[in-house]
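One structure is given here, and the rest of the page talks about it.
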Number of protein chains: 2
Amino acid sequence: MPRAGLDPAAVAAAGAALADEVGLPGLTMGLLAERLGVRTPSLYKHVNGQDDLNRRIAALALSEAGDAVGAAVQGYAGRDALAAAMRAFRTFVLEHPGRYAATIGVEPLAPDDPIATASLRLLGSFTAVLRGYEIERSDVDHALRMLRSLCHGFATLQSGGGFQWSADVDESFEWLIAFADRGLRAL
Amino acid sequence: MPRAGLDPAAVAAAGAALADEVGLPGLTMGLLAERLGVRTPSLYKHVNGQDDLNRRIAALALSEAGDAVGAAVQGYAGRDALAAAMRAFRTFVLEHPGRYAATIGVEPLAPDDPIATASLRLLGSFTAVLRGYEIERSDVDHALRMLRSLCHGFATLQSGGGFQWSADVDESFEWLIAFADRGLRAL
DNA sequence: GCTAAAAGCTAATCCCATTAACCAGACCTG
DNA sequence: CAGGTCTGGTTAATGGGATTAGCTTTTAGC
């Protein structure tokens, strides 16, 4: 029996990809093992069960989201930066619904948990965006939470089929961006 | 063996309560049956499996949320109405995280699905709130989606432990209300 | 009281996660 | 190159949860 050349990162990456395909609830150890050409119990040589797998997928997703938002923001400021960040975030969630879902409800276990560092990097990109607006230091945390709620709420609602009625969803999101921009400008 | 006097609504109500206690993922048919003083398979005389149970819980939750928001808004207009609606919504989600979680991702199967009617009633309360602002008809749908994203995003992030860092969460939510109010006023 | 549907129950099946125990190959050491 | 050990596979076994089948008893209507 030849070695499959797996390691925790490879398992997490395959798990993330599979979660995007079949949905996080559909991500099963057996299905993942099959995808990797290996028997189910072998996965346990690399990850400590489903919970650990989920955490690794979450860390990967947060890191990728941070990269995407960080890259999108490069070279922009003010409204352009805000729009770039929000669009990049939503695009990421819509393209990777499974791995993004894995990030919901996970909390870092230690300060140096990859989940913590990746979250902070993602948060940092949004903080940088806010520097393009004139905001009181005391308002920054609230503004960050507002942006996070907006982006998270919109993206998860859309990816969960939550927007049923008529109006165009992309248009709504652009409207949202404009709304947030005006609001931040008026602080 | 005496009859337990169950019916679909009673099962759904007990399921909702249990989901609030143990979390939606922890809601198991066996646990629910035990709670109702009945053996697991008996539940299937009232609900068509977990998916059906989830839909019933979702319908109940949406209906209750609609009641809460509707009642909270009574007699207010403008900023007061907006604040009342948003607070009522968040309070409901925080007090009933399990049943609210059941609403995520469910879609009505028919136009007269209780899920559809309850969603519409909840939506209606927010629509009524918007009437206190001078908003173009073409902006109403976008504004509704914005409010929904904000409330849903904030409440689910908070109930999932998503807000780690320092600042006071209640204060952030009040800030959010003020932000939305100013933004809607400036349309 | 009689019958039939409704609401329980037990037993059985299947799927999934996880653990235990075993085995082969890679790799390092002498 | 021979030998030992660690690693990453394997099969087999356990336990839990959902669901279905088939049986039995209560209860409602007549």
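This one's a predicted model, so the numbers in the text were calculated from it and none came from an experiment. Side-chain atoms are counted along with the backbone in the values below, which use heavy atoms only and exclude waters and symmetry mates.
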Candidate nucleotides C/dC22, C/dG8, C/dA11, ranked by approach to the side chain of B/V38 - the nearest: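 Shortest atom-to-atom distance from the side chain points to C/dG8.
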
Where the side chain of A/Y44 is concerned, which of D/dT19, C/dT18, C/dC9 is the nearest nucleotide?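 My answer, after comparing the listed nucleotides, is C/dT18.
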
Any side-chain donor-acceptor pair under 3.5 Å between B/E171 and A/H142?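 A donor-acceptor contact under 3.5 Å links the two side chains.
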
Specify the separation, in whole Å, of atom [atom1] of [X] and atom [atom2] of [N].
X     : N      : atom1 : atom2 : value
A/K45 : D/dC6  : NZ    : P     : 13 Å
A/M29 : D/dT10 : CE    : P     : 14 Å
B/E34 : C/dG8  : CD    : P     : 16 Å
B/D51 : D/dG17 : CG    : P     : 19 Å
B/L43 : C/dA6  : CG    : P     : 18 Å
B/R39 : D/dC23 : CZ    : C1'   : 16 Å
A/Q50 : C/dA17 : CD    : P     : 5 Å
B/L6  : D/dT26 : CG    : P     : 17 Å

Does [X] have a side-chain nitrogen or oxygen under 4.0 Å from the phosphate oxygens OP1 or OP2 of [N]?
X     : N      : result
A/S42 : D/dG8  : no
B/H46 : C/dG8  : yes
A/T28 : C/dA17 : yes

Is the shortest side-chain heavy-atom distance between B/E21 and B/R35 below 4.5 Å?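 Yes, at least one pair of side-chain atoms sits under 4.5 Å.
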
Matching residue for B/Y100 among B/L62, B/T156, B/L24, B/D20 - test: side-chain contact (heavy atoms from CB on, under 4.5 Å):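 Result for side-chain contact (heavy atoms from CB on, under 4.5 Å) with B/Y100: B/T156.
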
Would you find a donor on one side and an acceptor on the other, under 3.5 Å apart, between the side chain of A/T103 and the backbone of A/R99?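 Judged by distance alone, no pair lies under 3.5 Å.
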
Over 60° means perpendicular and under 30° means parallel, so classify the ring planes of B/F126 and B/F89, tilted if in between.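 Perpendicular.
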
Counting any heavy atom closer than 4.0 Å, what does A/G26 reach on the DNA or RNA strands: base, sugar-phosphate only, or nothing?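 Nothing: the residue A/G26, judged by heavy atoms under 4.0 Å, touches no strand.
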
